[in-house]
Structures are given as structure tokens and as C-alpha cells.
Amino acid sequence: IENDEEKNSVNHKKGINIVRIAPNYIELIIMPYICRMIFKRGPFIIAILLVFSFVTPACKSEYQKTLKGTDIGKKYELAKKYYNKNDYFRALELFEELVNVYRGSDEAEEIYYFYAYSFFGLKDMVTARYHFQNFAETYPRSKYTEECRYMTAYCYYLDSPDLTLDQASTYKAIENLQLFINLYPKSERVNECNLLIDKLRNKLETKSFLNAKLYFKISDYKAAIFAFRNSLDDFPDSQYKEEMDFLTIKSAFLYAQNSVESKKNERFLETIDYYRNFVDSYANSKYLKEAQSIYNNTLKEIELIKQSVN
């Protein structure tokens, strides 16, 4: 007990020393340093603080006062000012009111144009494409109509999801890009539209291939054969064509091998047909050696079936 009291006493004294030393440290070292800094750079620091203390509230009050005020012309000018500074959030709040106020007037067209682009600037592609399309339909003769038709399709393009997800937006993007090409065949944006369509089709092509290959991986060989054929029907020039044709041979062989006895011969013969088509199309294929091995095994299986019948 005596030892514990001594320890507490020592700790207490240390604590007192720390408390006493800390103020001395501040007085002797820190405070003189701060004073020197203020003395040397004080006017500059004070000026900055004054600028921020007066200008920042003024900027905020300008926006708030204009937003809550009744001066429509000032709101329009301030909305364009924020828009040009890429401050789409504030611009949108002002344009949202102006769209209704100026409806039916000469200024309505330009305001709605900026309004749609404000959503685009905020990366709200769903709302942006709706307003771009609505603009094109509302103002079919506007100087902005062609651009808004393109932006409708472009928003769908940007909204196209990863290939593992549903591709509804991808199909809509292709549809709208093609519509733009049909409406404006001489537009300078046609080449860009074709490039975007190619990218989207490549995505769909890859998704189709991976979906078909999944059936092969889970050993659903019948479904795999149909999926590979359907994928090539949809994308006859697919970059995966050679691999899919080879996997069709492999799927057909495994499907036949796992079939009931009465169906085996017919399905092995189909495997041979797939093999022959493959050899005719890809004389130098990297899959040729394995394809020939499957072909030889298929012939052996057919021979065994004949022997069992006899």
C-alpha cells in the first residue's frame, strides 16, 4: 500500500511538472514564433482573411438573393454565369424556375437547351436524355435540334452498363445513334455515331459469347451448341467466331457421349459435320490439333456403336 501511494505521489508530481512546463514552452517558443510570423506577414494574412470574410458571404448572398428575388432577367444572367463556370447545381436551380417562367417566349428555347445540359453536367444521364429528346421534339426547327438528337443517343451510350448487366440502354443507344444517322446523313457527327455503334456492338458481341460459353462451362452442352449458333447468327463477323465454332465441336461430342444409347450415333454424326465445317473454314487454326483429336475419338465411338449393334 505504501509503495502504491508513493507511485501515485510521483505521478502526481510529474503531472504538475508537465502542466507547469507546457505554459513555459508556449510562452518561450511558440508565442514568439507566432508573433514573428504576424509581424512579417501580418498585413498579407489579415488582407486574405478580410477578403474571405466579405467576398464569400457576398457571393452567397448574391445567389440567394437572386434565387429568392423577382428579377427574372437577373436570374437568367446569373444562371448562364454559373453554367459557364460549370457550376451546374446552382445553374440548374435557376434554370428550373426560368423554364416555367419563359415558356412560350422567344427565350424559352435557349433556356431549355441550357436546362438539359445542366443535367448532363451533373452526370444525370437519364434525366438529361429525356430533356434532350423532348427539346428535339418540341423545337424541331431549332439550331440546337440536331445536337440534342445526338446528345439523346450519347446519353444512352454513356449510360450503357458493364457487360455483366442488362443491356437495355445499350440497345437503345444503338437505336438512337442509328436514328440520328438516318435523320442527318450528312452531319459531321455521323462518323462519331458509327464509332460509338461499333463499340456498343462489340460489347453485345462479347456478352453473347460469354453467355454461350457459360453453358459450356456448366456442362449444359445442348444449350451451349444452340447458344454458340445463335451468337454467330447475331454476330456473323464475331471476333470469337473461330473459338465458338471449335467449342461447338467439343460441345457436340460431349453431348453425344452423354446421350442415351439410341441417340448417340445421330449426335456423333452431327459432331463430324461440325468438324468438317471447321476444317474447311480454319485450315491453320490453333484449335485444329484438338479438333482432329475429337474427330478421331468420334470415329471410334461410332465404330463401337456399330460393333454393339452387330
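We're numbering straight along the sequence, starting at 1. Keep in mind that the numbers below use all heavy atoms, side chains included, and drop hydrogens, waters and symmetry copies. Just so we're clear, the structure is a prediction, and the values are computed from it rather than from any experiment.
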Gap between atom [atom2] of [Y] and atom [atom1] of [X] - 0.5 Å precision:
X	Y	atom1	atom2	answer
Asn265	Glu270	CG	CD	10.5 Å
Cys193	Arg149	SG	CZ	12.5 Å
Leu94	Ser118	CG	OG	9.5 Å

Could you check whether any side-chain N or O of [X] sits under 3.5 Å from a backbone N or O of [Y], counting only pairs where one atom can act as donor and the other as acceptor?
X	Y	value
Asn258	Leu254	yes
Ser308	Ile305	yes
Glu242	Tyr240	no
Thr145	Tyr139	yes
Glu93	Tyr88	no
Ser231	Ala227	no
Asp220	Phe216	no
Thr271	Arg267	yes
Ser259	Lys264	no

Path from [X] to [Y] over hydrophobic side-chain contacts below 4.5 Å:
X	Y	answer
Leu195	Phe180	no
Ile197	Met151	yes
Leu304	Ile272	no
Tyr215	Phe228	no
Ile174	Leu165	no

Does [X] have its ring centroid less than 6.0 Å away from the ring centroid of [Y]?
X	Y	answer
Tyr287	Tyr282	no
Tyr115	Phe95	no
Phe268	Phe253	yes
Tyr221	Tyr255	no
Tyr76	Tyr102	yes

Any non-hydrogen side-chain atom of [X] less than 4.5 Å from a side-chain atom of [Y]?
X	Y	result
Arg90	Lys85	no
Thr298	Tyr275	no
Glu175	Leu179	no
Asp87	Phe89	yes
Met125	Phe119	no
Asp273	Leu269	no
Glu110	Lys80	yes
Phe235	Leu204	yes

Would you find more than 12 non-hydrogen atoms of other residues, nucleotides or ligands less than 6.0 Å from [X] atom [atom1]?
X	atom1	value
Lys81	NZ	no
Arg229	CZ	yes
Lys222	NZ	no

Give the minimum heavy-atom separation between [X] and [Y], together with the two atoms involved.
X	Y	value
Ala116	Ala128	O-CB, 4.0 Å
Ala291	Phe246	N-CE1, 3.9 Å
Glu109	Phe135	O-CE1, 3.2 Å
Thr206	Gln239	OG1-NE2, 4.0 Å
Pro161	Asp166	CG-O, 3.0 Å
Tyr184	Val190	O-CG2, 3.2 Å

*Cation-pi between Arg189 and Tyr150: NZ/CZ under 6.0 Å from ring centre and within 45° of the ring axis?*
yes
*For the residue pair Phe120 and Tyr117, does the interplanar ring angle fall in the parallel (under 30°), tilted (30 to 60°) or perpendicular (over 60°) class?*
perpendicular
_Walk me through whether Cys155 and Phe132 qualify under side chain to side chain contact (heavy atoms under 4.5 Å, CB included)._
CA-CA 9 Å; Cys155 285; Phe132 282 128; 4.0 Å; yes
*Under 3.5 Å, is there a donor-acceptor pair between the Asn182 and Gln178 side chains?*
yes
_Working note: Ser160 + Lys203, criterion side-chain hydrogen bond (donor to acceptor under 3.5 Å, both in side chains); need CA distance, chi angles, decisive distance, verdict._
CA-CA 10 Å; Ser160 175; Lys203 180 188 285 190; 2.8 Å; yes
*Please test Thr170 against Leu163 for side chain to side chain contact (heavy atoms under 4.5 Å, CB included), starting from the C-alpha separation and ending with a verdict.*
CA-CA 9 Å; Thr170 303; Leu163 57 84; over 6 Å; no
*Evaluate the criterion side chain to side chain contact (heavy atoms under 4.5 Å, CB included) for residue pair Met244 and Ser238; output intermediate values, then yes/no.*
CA-CA 9 Å; Met244 284 195 281; Ser238 172; 3.7 Å; yes
*asked:* Quick test of your reading of the model: are Lys75 and Glu97 salt-bridged, counting only N-O distances below 4.0 Å?
replied: yes
_Looking at Asp245 and Lys241, is any side-chain nitrogen of the basic one under 4.0 Å from a carboxylate oxygen of the acidic one?_
yes
*Which of these passes ring-ring contact (aromatic ring centres under 6.0 Å, His included) with His131: Tyr144, Phe114, Tyr112?*
Tyr112
_Sequence-distant partners of Tyr113, side chain to side chain donor-acceptor pair (under 3.5 Å), two or more places apart_ = Glu147
_Check against side-chain hydrogen bond (donor to acceptor under 3.5 Å, both in side chains), Glu301 and Asn297_ = CA-CA 6 Å; Glu301 292 285 355; Asn297 289 331; over 6 Å; no
_Tell me which one of Leu177, Leu200, Asn176 satisfies side-chain contact (heavy atoms from CB on, under 4.5 Å) with Tyr156._
Asn176
_So if I apply the side-chain contact (heavy atoms from CB on, under 4.5 Å) rule between Arg129 and each of Asn134, Asp124, Leu158, Asp159, which one comes out positive?_
Asp159
*asked:* Walk me through whether Thr248 and Asn277 qualify under side chain to side chain contact (heavy atoms under 4.5 Å, CB included).
replied: CA-CA 11 Å; Thr248 300; Asn277 290 332; over 6 Å; no
